[in-house]
Amino acid sequence: MELGTKAMWEQAVEQLSIPNQAYIGGEFVCSQSKQIFSCINPANNQLLSEVALCDVADVHNAVTSASKVFQQGDWSRQSPQQRKKSLLKLADLIDKHADTLALLETLDMGKPIKDSRLLDIPSAANCIRWYAEAIDKIYGEIAPTAENQLGLITREPIGVVTAIVPWNFPLLMACWKIAPALAAGNSVILKPSEKSPLTALKLAELVAEADFPPGVFHVLPGYGHTVGKALALHPHVDALAFTGSTTVAKQLLMYAGQSNMKRVWLEAGGKSPNIVFADAPDLAYAAEAAASAICFNQGEVCTAGSRLFVEKSITKEFLSLVRKAMNKWQPGNPLDPEVTLGAIVDAQQLKKIQQYIELGEKEGAELLQGGQRVRQELGGFFIQPALFGNVENTMRVAQDEIFGPVLAAITFSDSNEVINQANDSQYGLAAGIWTSDLNKAHLVAKQLKVGSVWINHYFGGDMTAPFGGYKQSGIGRDKSLHAFDKYTEIKTTWFSFQG
Ligand code: NAD
């Protein structure tokens, strides 16, 4: 599709109405405390909007409403076909309002309008549509019993599901959770990140327009340590689906243990290895992909290919190709459709990235290019993507999730060495392997302790494939039919016939 010009998007900003209220019990409301918090545009550091700051009292209201509507069955006992109809209507409304949603996403967290409009928003609509279409095609099971018995195995919605999501793909991460949760018949409370609440609030308007029963879907903007924590500790929240950092993920497990042992599903951090063997089919293409694996979405991607393992014999040649490819990713105004690298989400995240660049140099890695703060004339938070060479896998720049465009290149000699190093990480989210040898690709893929392996490309997959992590990258899977496991309980009903 045609994306138009920067001037057109800037003009659209002038006419944009920015949502700012919480959505509780089917009503758009201020928080009980009437407190607000500021949303800042990271591309120019200017105020975008003041949004309702929810806290414990609002959590109480939302959970009470969500629980009541679940028990009444207004949504939970509707037929799958009826729920499908409402969800399809919601997906259509997302498509209809795609320009507005894309603009809100870009203004709120700094990603290029090209990505918001062509990837995030269409993918969010597609996700809702996929689960809507799936829900009336899933059957229960019958156990293999003796003739005088019947064992029915059925799935039931869990109850009140809370989704706590991050700021890097705000609407899409929300949809990965709310789409299967709603399709399965649950009531849902969405807590967006305080750094990017706007598309969640707009989504609430679309849910209202799509005629979902009031109380089935709520949006509570606010801080993690208040509203997020209160949701995670609430005795009437039955399941918690989270995407965010591993540190917060561990806290949520504790909150569940301290309260009602709610089901906790976690999509957490990553430090993914991207492994390039000397026999990769096309080194220039692999280098472009390695650059995109760390520069796409400003490197603020859980599966970013942030550890680049390069076979020793091609290190010099390959890193020179990567340098060229990374040079194409120049930070710029996210409202310009030509721009592929936007602003870092806020000053705090920019500082964290800069500190890691300093640390890498102190640890003895060689900064081959990038790493400077740039485009300060725009007033926002922009950084030139950084490439480190001579990195040891034990260095912190190779072990910690930086969540920015900082690539650590590490050399290796053979498959065994690279498998050991790739697995030497607390994380286990994804990996890339580049080789023309099918045998080697399979053998290495099998031994990597990660949830997704991409062969001869990076960032593969669609709604049909599950997504999630091994080790401290998470528990459970988003996407595909496997996601229903998180939002349903399995019931066995056993009949014994007499006579
Ligand atoms: P974060 O953990 O700081 O915050 C995520 C969400 O949790 C936010 O809504 C936040 O308000 C909330 N939160 C914070 N403290 C909380 C608490 N004590 N109790 C309850 N909720 C709390 O993460 P972030 O900085 O927003 O996002 C970046 C992280 O997300 C990275 O680690 C990244 O790898 C991860 N991520 C993972 C995936 C995945 O699918 N595995 C996808 C995207 C992002």
Side-chain angles (χ1 to χ4, degrees), residues 6 9-10 13 16 18 37-51 102-117 119-120 165-171 173 192-199 223-224 244-245 269 291-302 304 306 326-361 367 369-388 397 400-407:
K6 174 157 79 78
W9 287 102
E10 281 171 345
V13 176
L16 186 66
I18 300 186
F37 68 103
S38 301
C39 277
I40 304 291
N41 178 352
N44 58 19
N45 200 15
Q46 285 179 11
L47 182 71
L48 271 175
S49 174
E50 308 268 26
V51 170
L103 201 50
L104 289 171
E105 205 76 301
T106 285
L107 294 173
D108 212 7
M109 61 69 67
K111 69 171 67 200
I113 192 72
K114 187 175 175 185
D115 292 345
S116 315
R117 185 61 188 85
L119 285 172
D120 291 61
V165 296
W167 47 262
N168 61 338
F169 296 92
L171 186 66
M173 292 302 103
S193 168
E194 54 274 38
K195 296 183 185 185
S196 59
L198 299 182
T199 46
Y223 298 128
S245 62
S292 148
I294 194 67
C295 296
F296 169 61
N297 212 47
Q298 301 71 247
E300 297 162 335
V301 183
C302 53
S306 48
M326 281 179 77
N327 272 331
K328 294 184 195 159
W329 293 79
Q330 290 297 330
N333 184 343
L335 287 179
D336 181 345
E338 299 295 318
V339 162
T340 50
L341 191 76
I344 298 299
V345 71
D346 63 7
Q348 191 192 352
Q349 185 66 15
L350 177 73
K351 192 166 168 211
K352 178 181 166 194
I353 296 167
Q354 288 173 313
Q355 284 171 343
Y356 269 106
I357 291 167
E358 278 171 32
L359 179 66
E361 290 194 281
L367 185 60
Q369 70 182 39
Q372 319 79 10
R373 184 172 180 184
V374 289
R375 306 302 311 263
Q376 294 205 50
E377 75 282 4
L378 298 176
F381 313 117
F382 297 89
I383 193 155
Q384 192 71 31
L387 173 63
F388 275 112
V397 281
D400 296 0
E401 183 183 52
I402 300 172
F403 224 55
V406 181
L407 182 57

Which atom of G299 lies closest to which atom of A304, heavy atoms considered: O-CB, 4.1 Å
Closest non-hydrogen atom pair, P331 against V374: CG-CG2, 3.7 Å
Distance in Å, Q384 CD paired with I357 CD1, rounded so as to fall on 0.5 Å steps: 10.0 Å
Side-chain donor/acceptor of Q330 to backbone N/O of N327, under 3.5 Å: yes
Derivation of the side-chain contact (heavy atoms from CB on, under 4.5 Å) call for D108 and W167: CA-CA 9 Å; D108 212 7; W167 47 262; over 6 Å; no
L104 vs S116 side-chain heavy atoms within contact, under 4.5 Å: no
Nearest atoms (heavy-atom pairs only) where I344 meets L350: CG2-N, 3.6 Å
Nearest heavy-atom neighbours spanning S38 and E50: OG-OE1, 3.1 Å
Plane angle bin for Y223 and F37 - parallel if under 30°, tilted between 30 and 60°, otherwise perpendicular: tilted
Residue pairs, two or more places apart or on separate chains, that pass salt bridge (Lys or Arg N to Asp or Glu O under 4.0 Å) and touch residues 374-387: R375-E377
Salt bridge (Lys or Arg N to Asp or Glu O under 4.0 Å) contacts touching residues 342-360 (sequence neighbours left out): K195-D346
For a quick test of your reading: what N or O donor-acceptor pairs under 3.5 Å do the side chains of residues 39-46 make, sequence neighbours left out?
residue	atom	partner	partner atom	Å
N41	OD1	A43	N	2.9
N44	OD1	Q46	N	2.9

Atom CD of Q376 with >12 non-hydrogen neighbours under 6.0 angstrom: yes
Check against side-chain contact (heavy atoms from CB on, under 4.5 Å), L16 and L107: CA-CA 11 Å; L16 186 66; L107 294 173; 3.6 Å; yes
Minimum heavy-atom distance E401-G269, with the two atoms named: OE2-CA, 3.4 Å
I113 vs W9 side-chain heavy atoms within contact, under 4.5 Å: yes
Which residues share a side chain to side chain donor-acceptor pair (under 3.5 Å) with N297, sequence neighbours left out: K111
Any side-chain heavy-atom pair of S306 and F403 under 4.5 Å: no
4.5 Å side-chain heavy-atom contact, F381 and I353: no
Student check: side-chain heavy atoms of P405 and I383 closer than 4.5 Å: yes
Q298 side-chain N/O to G342 backbone N/O, donor-acceptor pair under 3.5 Å: yes
F169 vs E300 side-chain heavy atoms within contact, under 4.5 Å: no
Side chain to side chain contact (heavy atoms under 4.5 Å, CB included) partners for P170, two or more places apart: E105, M109, S196, T199
M326 to A386 - nearest heavy-atom pair and separation: CE-O, 3.5 Å
Derivation and outcome, side-chain contact (heavy atoms from CB on, under 4.5 Å), residues V406 and Y356: CA-CA 9 Å; V406 181; Y356 269 106; 5.7 Å; no
4.5 Å side-chain heavy-atom contact, I294 and W329: no
Distance (rounded to the nearest 0.5 Å) between I402 CD1 and Q355 CD: 11.5 Å
Taking distance alone, no hydrogens or angles, what donor-acceptor pairs closer than 3.5 Å link side-chain atoms of residues 334-341 to residues at least two apart or in another chain?
residue	atom	partner	partner atom	Å
D336	OD1	E338	N	2.9

